[in-house]
Amino acid sequence: MIDREKAKNKFLENVERLSYLPFVTDSEMDGLFGEEVAMALMKLDHYNRREQICVRCESRCCQATGCEFYAVQFTKCPIHDLRPAFCRLHFCSRFQPAMGSLTAELSEIFLDNLSVAEHDGCAAVQLFDSPPFARHTPDLINVTSLLVNAVREGRLDPQYAELEIHQDAEKYLAARISGLMELHREQG
């Protein structure tokens with residue numbers, strides 16, 4: 001059982017510091033809810049890899065949410081290490097019954113913390129929404145959608161596109177951070 005109060009305090013302490021929303025880096029995610037949640041996510045990730053749940057997914061969660069980074073031809077999410085908290089904390093019914101209580105607990109922690117942060121006036125909460133991402137990152141989606149569509153149509157090697165999309169996402173996020181830092185210097 002995860003200490004929910006500790007996870008909530010850690011989330012509220014760190015949510016405003018996230019610099020890449022709606023995307024979250026691995027290191028940001030590790031610190032977002034605290035060590036217990038990070039360990040639970042590692043346990044679920046290990047279980048997922050061992051059982052190949054997402055690899056053999058039939059319902060295609062990413063497709064169902066309208067994720068612009070998704071193509072059935074990809075071997076993995078092109079932005080896996082940058083994917084949003086929503087994606088990191090979504091576990092379909094195929095995780096049942098072995099991991100059902102843990103996935104339910106993580107889902108409750110995530111939603112409860114978003115609710116508390118929103119009540120406290122945290123503007124970042126809206127960026128934790130699920131895909132599609134075009135409303136929050138239209139420039140990135142415009143660039144990467146050309147690659148994703150080419151893969152979907154069989155005109156581009158999926159592994160090549162995965163690398164290009166990841167690089168485009170990293171460049172986009174780096175430029176965004178640079179812009180925020182420049183704005184802070186101008187105001188400061």
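Heavy atoms only, all atoms of each residue included: C61 and C92 are closest at SG-CB, 3.9 Å. Contact detail for K10 and G34: the closest heavy-atom pair is CG-N, 3.4 Å. Of all heavy-atom pairs between G66 and P131, the closest is C-CB, 4.3 Å. Between R135 and P132, the closest heavy-atom pair is NH1-O, 3.1 Å.
Classified by interplanar angle (parallel below 30°, tilted 30° to 60°, perpendicular above 60°), the ring pair F91/F95 is perpendicular.
Ring-centre distance between F133 and F23: below the 6.0 Å cut-off.
Here the side chains of V15 and L114 are not in contact, with every heavy-atom distance at 4.5 Å or above. A 4.5 Å side-chain heavy-atom check between V37 and L41 finds at least one atom pair inside the cut-off. At least one side-chain heavy atom of T75 sits less than 4.5 Å from a side-chain heavy atom of Q159. Residues E162 and V151 are not in side-chain contact: their nearest non-hydrogen atoms beyond the backbone lie 4.5 Å or more apart. Within the 4.5 Å cutoff, the side chain of L147 has heavy atoms near those of the D168 side chain. Side-chain contact between D3 and E36 is present, with at least one heavy-atom pair separated by less than 4.5 Å. For the pair H46/K43, no side-chain contact is recorded, criterion being any heavy-atom separation below 4.5 Å from C-beta on. In this structure, F128 and L18 have side chains that are in contact, with non-hydrogen atoms separated by less than 4.5 Å.
Of the possible polar contacts, none joining the Q63 side chain to the V72 backbone as a donor-acceptor pair under 3.5 Å is found. Here the side chain of N14 pairs a donor or acceptor atom with the backbone of G31 at under 3.5 angstrom. Here the side chain of R152 pairs a donor or acceptor atom with the backbone of Y70 at under 3.5 angstrom. Under the 3.5 Å distance criterion, the side-chain polar atoms of R176 are matched with a main-chain donor or acceptor of L21. A side-chain donor-acceptor contact under 3.5 Å links E28 to the backbone of T25. With hydrogens and angles ignored, the 3.5 Å screen pairs a side-chain donor or acceptor of N113 with a backbone N or O of I109. Between the side chain of T65 and the backbone N or O of C62 there is at least one donor-acceptor pair closer than 3.5 Å.
The hydrophobic clustering, which links ILVMFWY residues whose side-chain heavy atoms are closer than 4.5 Å, places L89 and L111 together. Linking Ile, Leu, Val, Met, Phe, Trp and Tyr residues whenever their side-chain heavy atoms come within less than 4.5 Å places I141 and V148 in a single cluster. Taken together through direct or relayed side-chain contacts under 4.5 Å among Ile, Leu, Val, Met, Phe, Trp and Tyr, L146 and L156 form parts of separate hydrophobic clusters. Follow the hydrophobic side-chain contacts under 4.5 Å out from V24 and you never reach M42; the two are in separate clusters. Residues I53 and L106 share a single hydrophobic cluster, defined by chaining ILVMFWY side chains whose heavy atoms lie under 4.5 Å apart.
Atom OG of S107 sits about 9.0 Å away from atom CZ of F86, to the nearest 0.5 Å. Remark: D26 CG to L82 CG distance equals 7.5 Å, nearest 0.5 Å. Note that CD1 of I2 is 11.5 Å distant from CD of E35, once rounded to the nearest 0.5 Å. Interatomic distance, L32 CG to E13 CD, rounded to the nearest 0.5 Å: 10.5 Å. From N9, atom CG reaches atom CZ of F33 across 12.5 Å, with rounding to the nearest 0.5 Å. Here the CD1-CD1 distance, from I79 to I165, works out to 9.0 Å after rounding to the nearest 0.5 Å.
We find that R4 and E108 are joined by a salt bridge, their nearest charged nitrogen and carboxylate oxygen being less than 4.0 Å apart.
Surrounding CD of Q167 are more than 12 heavy atoms belonging to other residues, nucleotides or ligands, all under 6.0 Å away. The local environment of CD in E16 is crowded, with over 12 non-hydrogen atoms from other residues, nucleotides or ligands closer than 6.0 Å.
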Practice problem: Kindly determine whether V116 and D120 satisfy side-chain contact (heavy atoms from CB on, under 4.5 Å), including the steps that lead there. | Solution: CA-CA 6 Å; V116 168; D120 287 354; 4.0 Å; yes
Practice problem: Would you sort out whether R88 and D45 count as a salt bridge (charged side-chain N to carboxylate O under 4.0 Å, His left out), showing the intermediate values? | Solution: CA-CA 9 Å; R88 293 169 184 270; D45 185 54; over 6 Å; no
Self-check item: Step-by-step side-chain contact (heavy atoms from CB on, under 4.5 Å) determination, E170 to L173
Solution: CA-CA 5 Å; E170 286 182 327; L173 296 173; 6.0 Å; no
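Counted by atom type alone, E68 and T144 present zero donor-acceptor pairs between their side chains at under 3.5 Å.
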